[in-house]
Amino acid sequence: MPAQDASRLAGVPLAWPALVTNMGGCINTSAMIESLIDHPHIQLRTDAEVAAITPTQTTATVELQSGPEDYDAVVLATGGADPLSEGFGVCDVERIRGQVTLVDGKAFKGQRRLLCFKGYLTRANDAGQHVTGASFDHAGDPHDREPIDASDAENLERLNAVLPGSYRSSGGWVGWRRVARDRLPLVGPLPDYAWFRDSLGPWTQGGAPGPCPAPRYVPGVWLSLAHASRGTGTAIICGELVAAGITGDALPLPTPLVHALHPARFVIRALKSHQA
């Protein structure tokens with residue numbers, strides 16, 4: 001709709017026409033996580049660092065400081081680009097730095113809607129601050145979580161293009177996304193990457209000698225990685241997909257999308273291009 005009509009609905013003077021939806025919103029991720037884990041069948045442990053995961057023929061042994069424990073299935077939901085997933089050969093995930101900026105709410109008095117553009121602007125929190133962001137930086141120390149002025153300036157510049165004004169940062173924070181090369185999560189059973197590279201070449205490059213052999217996976221280990229900037233929207237349904245794969249239930253997503261998320265997709269693409 002025209003900028004004037006969108007401004008009236010949003011409660012702030014927008015510089016551009018807008019698409020208005022009543023289905024949008026802003027999620028309190030801490031409250032969402034607390035709600036998800038408040039379940040009688042979930043036992044939360046935060047005092048046990050996983051040193052290693054050793055697959056057996058049918059299960060997986062998790063090495064903890066207190067000793068080894070056996071599980072029917074283990075799901076790596078670590079984000080990716082970490083020692084555990086990389087140790088299994090998952091190498092198509094990178095870390096991306098993201099910084100959000102806090103802006104004093106006096107500049108947006110009357111705002112009634114969450115705004116999304118190349119960034120976003122939330123409504124005011126309890127402290128009267130709005131959140132805008134986020135930067136997408138490939139460089140930096142992944143252990144560094146200190147905000148920097150350059151990222152604040154980038155966030156405020158995007159905001160100024162939609163809501164012209166003189167804005168100043170009143171704080172912010174930094175997180176590190178884990179992003180796959182094609183920007184889709186990696187969800188499904190952990191492939192035996194060496195087997196894929198050694199055994200599937202003829203079927204991916206033409207001239208297959210016969211029926212394709214059944215893919216080989218690491219027993220008892222599953223992945224849900226690289227949810228990037230959209231984890232609150234993708235992680236839950238992908239958890240359902242992993243659970244369905246483990247239990248043999250009907251898949252909650254259409255087959256083409258399951259294939260698009262499959263963790264073996266990169267090695268198969270590399271085989272097709274003779275780069276594996």
Side-chain angles (χ1 to χ4, degrees), residues 32-33 35-45 48 50 52-64 68-80 82 84-93 178 180 182-204 208 210-228 230-272:
M32 183 186 75
I33 292 170
S35 176
L36 290 173
I37 64 177
D38 184 19
H39 191 284
H41 297 312
I42 294 178
Q43 179 185 5
L44 181 64
R45 297 176 60 179
V50 177
I53 299 173
T54 306
T56 65
Q57 288 188 345
T58 56
T59 61
T61 299
V62 178
E63 301 290 343
L64 304 173
E69 298 183 10
D70 293 330
Y71 293 91
D72 294 331
V74 173
V75 182
L76 290 180
T78 55
D82 64 276
L84 278 176
S85 62
E86 289 171 346
F88 281 114
V90 182
C91 58
D92 295 291
V93 180
R178 309 299 174 91
D182 60 2
R183 300 297 186 263
L184 291 175
L186 279 72
V187 185
L190 173 64
D192 182 336
Y193 288 106
W195 182 90
F196 272 77
R197 284 190 290 267
D198 296 342
S199 305
L200 287 189
W203 284 271
T204 58
C212 183
R216 186 177 297 176
Y217 300 99
V218 178
V221 183
W222 295 71
L223 304 180
S224 183
L225 307 175
H227 289 272
R230 301 290 183 263
T232 50
T234 60
I236 294 178
I237 187 62
C238 287
E240 295 283 349
L241 177 60
V242 169
I246 293 172
T247 61
D249 288 345
L251 300 180
L253 295 173
T255 300
L257 183 52
V258 174
H259 290 170
L261 301 175
H262 199 285
R265 64 185 186 267
F266 292 114
V267 68
I268 291 174
R269 291 171 190 172
L271 286 168
K272 288 181 176 180

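Sequence positions, counted from 1, serve as the residue numbers for this chain. All values below were derived from every heavy atom in this structure, side-chain atoms included, with hydrogens, water molecules and symmetry-related copies excluded. Please read all numbers here as calculations on a predicted model, not as lab measurements.
Under the 4.5 Å side-chain criterion, counting only non-hydrogen atoms from C-beta, His227 is in contact with Cys238. You'll find the side chain of Glu63 stays beyond 4.5 Å of the side chain of Ile53, heavy atoms only. Side-chain contact between Glu86 and Phe88: absent, with no pair of heavy atoms (C-beta onward) separated by less than 4.5 Å. Residues Asp38 and Ser35 have side chains not in contact (no heavy-atom distance under 4.5 Å, counting atoms from C-beta outward). Looking at heavy atoms from C-beta onward, Thr58 lies out of side-chain contact with Asp72 at the 4.5 angstrom threshold. Annotation: side chain of Ile237 is in contact with side chain of Pro252 (closest heavy-atom distance under 4.5 Å). Contact check for Val187 versus Trp222: no side-chain heavy atoms found under the 4.5 Å cut-off. Using a 4.5 Å heavy-atom cutoff, the side chains of Leu241 and Val258 are in contact.
Under the 3.5 Å distance criterion, the side-chain polar atoms of Arg178 are matched with a main-chain donor or acceptor of Gly80.
We find the CZ-CG distance between Arg197 and Leu271 to be 8.5 Å, quoted to the nearest 0.5 Å. Interatomic distance, Tyr193 OH to Cys91 SG, rounded to the nearest 0.5 Å: 7.0 Å. Here the straight-line distance linking atom OG1 of Thr234 with atom CG of Leu184 works out to 9.5 Å at 0.5 Å rounding. Atoms CG and CG, from Leu223 and Leu84 in turn, are 11.0 Å apart once rounded to the nearest 0.5 Å.
Using a cut-off of 4.0 Å between Lys/Arg side-chain N and Asp/Glu carboxylate O, Arg265 and Asp182 are scored as salt-bridged.
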May I have the step-by-step check of side-chain contact (heavy atoms from CB on, under 4.5 Å) for Ser224 and Leu76, ending in yes or no? CA-CA 6 Å; Ser224 183; Leu76 290 180; over 6 Å; no
Passes side-chain contact (heavy atoms from CB on, under 4.5 Å), Phe196 versus Ile268? Steps please. CA-CA 8 Å; Phe196 272 77; Ile268 291 174; 4.2 Å; yes
Pair Leu253, Leu261 - check side-chain contact (heavy atoms from CB on, under 4.5 Å), show working. CA-CA 10 Å; Leu253 295 173; Leu261 301 175; 4.0 Å; yes
Give the C-alpha distance, both sets of side-chain angles, the deciding distance and a yes or no for side-chain contact (heavy atoms from CB on, under 4.5 Å) between Val90 and Leu190. CA-CA 9 Å; Val90 182; Leu190 173 64; 4.1 Å; yes
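Considering all non-hydrogen atoms of both residues, Ala250 and Ala244 come closest at O-CB, 3.6 Å. Considering every non-hydrogen atom in both Leu186 and Ala180, the closest pair reads CD1-CB, 3.5 Å. The two residues Gly220 and Ala60 have their closest heavy-atom pair at O-CB, 4.0 Å. Considering all non-hydrogen atoms of both residues, Ala73 and Ile246 come closest at CB-CD1, 3.8 Å. Across Val242 and Gly188, no two heavy atoms sit closer than the pair CG2-N, 4.4 Å.
Annotation: Tyr217 is in aromatic contact with His262 [ring centroid separation under 6.0 Å].
Looking at Asp70 and Thr61, their side chains do bring a donor and an acceptor atom within 3.5 Å of each other.
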